[in-house]
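Data block below; observations after.
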Amino acid sequence: MCLMTVLDKIIESIHHSITQVYSINIDSDSISIAPTKKEFEGDYTYVVFPLVRELKQSPEAIANKLGEYLKTDSEWVDGFNVVKGFLNLELSNSFWNISFAAIAEESYATRKKQGKRMMVEFSSPNTNKPLHLGHIRNILLGWSISKIAENRGYEVIKTQVINDRGIAVCKSMMAWKLFADGASPESTGTKGDRFVGNYYVQYDKALQEEYHNWQADEGRKVFDIEAKEGESLELFFKRFKNQYFNEYSKLGKATKEMLLDWERGEEKTIALWKKMNGWVYEGFDRTYDLLGVGFDKVNYESETYLLGKETVQNGVEKGIFYKLDDGSIWIDLEDVGMDKKIVLRSDGTSVYITQDLGTAQMRYKEFGIDSMVYVVGDEQDYHFKVLFEILKRMNEPYADQLHHLSYGMVDLPSGKMKSREGTVVDADDLIMEVISEAKNSSLERGGVSHLEESQQEELFQMVGLAALKYFIIKVNPRKRMVFDPKESVDMQGTTGPYIQNAYVRIQSILRKAEKSGFTTLDDLEDIEPNAQEKELMVLMLGLPEILDDALQSYDPSVVANYSFALAKAFHRYYHENVIFDKDNPKRSSYRIELSKNLARILKKSMLLLGINMPEYM
RNA sequence: GGCCCCGUAGCUCAGCUGGAUAGAGCAACUGACUUCUAAUCAGUAGGUCUCAGGUUCGAAGCCUGACGGGGUCACCA
């Protein structure tokens, strides 16, 4: 049972009025109110249309009767008006006073711990490439939904799975062995993840060259034998690339041998693998630090890729899976509209989903999690549908508390990012660019010139990152989004810096208030909020519901849009009202107090998006 | 082809789970800094909510079907 919010009091009043006036019983959960639209008089609106059928009266009549009752009966309602079936309520000063007090609570819009554990998996990088724009979207979503879940009373364990094994990793290792001549990130002054990534690219180039040479010679003969009727050389070699790697390439052969060495635990190979992965992790950590995110638990695929085999064997005994003659194990999901899916190879090794089954069980054992959120791109929608269905059939206790936070790809204005065409936007480059852009605008304006240089740098970083993060997180995750680098460094309009600016303004007011000795407000007697102050309070009162929605729909953009709306309303308020009124110190205190609470709420909601608020900008 | 996601202003996006005259920002054009910081504010202009049916007091939202864009259908991860 959660605490009653201020708005619940209104709902309770409405519920009471319905039962009293019409003596019918309706569920108070079915009653909802919304802030009255600006074109109409009133503060909150209750829509009576749903009652029409049962009461067999006109909407106007119902609304008027309820309005009359509320006006005399409820201490929260002062007046009302009716437009068609819309009952617009004008709320009383005592309502605004308790609202003002509720918002001022330090714990406002934070739910108490409810003893539930949620694990959130996000980021999930490969060790052969630096993080890019797509990872940034993933990381921001994962971080933000973790923070929101914490706010809603969950204990959250943030985790990532690092894909640190397999043929791709061996490719970087092979290239380093062949071309690096002992170079290291230190010796070249390169960030570790990029250093290793460069060798992965070099490997690809070398392979491409080898393939090209082969095409002119032996490849030509293979073409004559294997090409399809009428297939051009070009098309054939494009199609044949994979097969070439597996069956003809010397480089490919050496790399596959390296993978076998790795799986055998051959000492030198393992040592190289550890060394290079160490470089990568150091690089990743720097990027995570810069983004202001971190993890409570890291899973390495090298430690989980063998998991799940036993699970599958047990499942065969229970009849969940079945075995084919070649030894491969399958599950038939056709009765729920999915396919037959392999869960263990004929040679007894794991496939992707086997690992995920094992990892899920391992996590449950280790942390006793109640629920699990996977932040993974929408190209894996089907995979997770299958995974969740299997876990359900295995009767795992958490099986109905699994969620795939699926997000769309990030496109550039020119189209899709493609690593082969070099259009992938590097995470570090992007972050640096956005910070330097923030620096430029700030220096132009000169608002922080009184600060020390290190403090200034810190602020530039805060503002730049706010621009980048907000730009990405304001979009509904489900949607594919277009990332225009030019727009991502914008600091005006619907942006992170715009919201930060509202906060900074308030800090400036508070500093001035302190200097000029305005007293804090001791009572709210004789103070009635004006229309804009009511509007601000209505917005602030909406936060708990916003946070519930955000978590329930796994969508941080809800919070982003809320923060913008609140900042915008404040900017307007600031322009049209004078906060420091010498002739009316009490009024001034009220406004200062209101602004202070608003700033706190802004900061809180932005922090849930992973965005920090500066004191100056 | 089967299944899944998306389609709202020139562009990028909201739209509170079916409610009032569909909203913001950017870009364009007008105005507001001797004032609590103009990274701000006020205003003008911009829409057949892809299309066609249906459901009902009421549809951008729900249903059916088209059209357009994307994804996915490996003993890859």
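Residue numbers begin at 1 in each chain, while the letters A, B, ... track the order of the sequences. The figures that follow rest on heavy atoms only: side chains count, while hydrogens, waters and symmetry mates do not.
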When the distance from [atom1] of [X] to [atom2] of [N] is rounded to whole Å, what number comes out?
| X | N | atom1 | atom2 | value |
| --- | --- | --- | --- | --- |
| A:Tyr573 | B:C36 | OH | C1' | 11 Å |
| A:Phe40 | B:U21 | CZ | C1' | 8 Å |
| A:Lys171 | B:A77 | NZ | P | 14 Å |
| A:Ile506 | B:U37 | CD1 | P | 12 Å |
| A:Ile331 | B:A74 | CD1 | P | 17 Å |
| A:Glu379 | B:C76 | CD | C1' | 13 Å |

Mind checking if [X] touches a base, just sugar-phosphate, or nothing, with heavy atoms under 4.0 Å?
| X | value |
| --- | --- |
| A:Val558 | nothing |
| A:Asn242 | nothing |
| A:Asp339 | sugar-phosphate |

Worksheet item: For A:Glu41, does the CD atom sit with more than 12 other heavy atoms under 6.0 Å from it, leaving out its own atoms?
Response: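 It does not: A:Glu41 CD has 12 such atoms or fewer within range.
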Per [X] side chain, nearest of listed nucleotides [options]:
| X | options | value |
| --- | --- | --- |
| A:Val482 | B:C13, B:C16, B:C36 | B:C13 |
| A:Asn476 | B:G19, B:A14, B:A77 | B:A14 |
| A:Arg572 | B:A20, B:A42, B:U37 | B:A42 |
| A:Arg53 | B:A77, B:C6, B:C57 | B:C57 |
| A:Lys416 | B:G71, B:C6, B:C75 | B:G71 |
| A:Tyr498 | B:A39, B:A38, B:C41 | B:C41 |

Discussion item. What's the gap between B:G15 and B:G47 when it is taken at their C1' atoms, as a whole Å value?
Written reply: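 It works out to 14 Å between them.
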Item to complete: Taking atom P in both B:C29 and B:G69, compute the distance separating them and give it to the nearest angstrom.
Response: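 It comes out at 35 Å once rounded to the nearest Å.
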Worksheet item: For nucleotides 22-28 of chain B, read 5' to 3', which letter fits each nucleotide if B means a protein heavy atom sits under 4.0 Å from the base, S means only the sugar-phosphate is that close, and - means neither?
Response: --SSS--
Worksheet item: If you take atom types as modelled and just measure distance, does the side chain of A:Ser508 reach the base of B:C36 with a donor-acceptor pair under 3.5 Å?
Response: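 Between B:C36 and A:Ser508, which were checked side chain against base, a qualifying N/O pair under 3.5 Å is absent.
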Practice prompt. Could you check whether the rings of A:Phe86 and A:Phe49 sit parallel, tilted or perpendicular, using 30° and 60° as the cut-offs?
Written response: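 If you compare the ring of A:Phe86 with that of A:Phe49, the planes turn out perpendicular.
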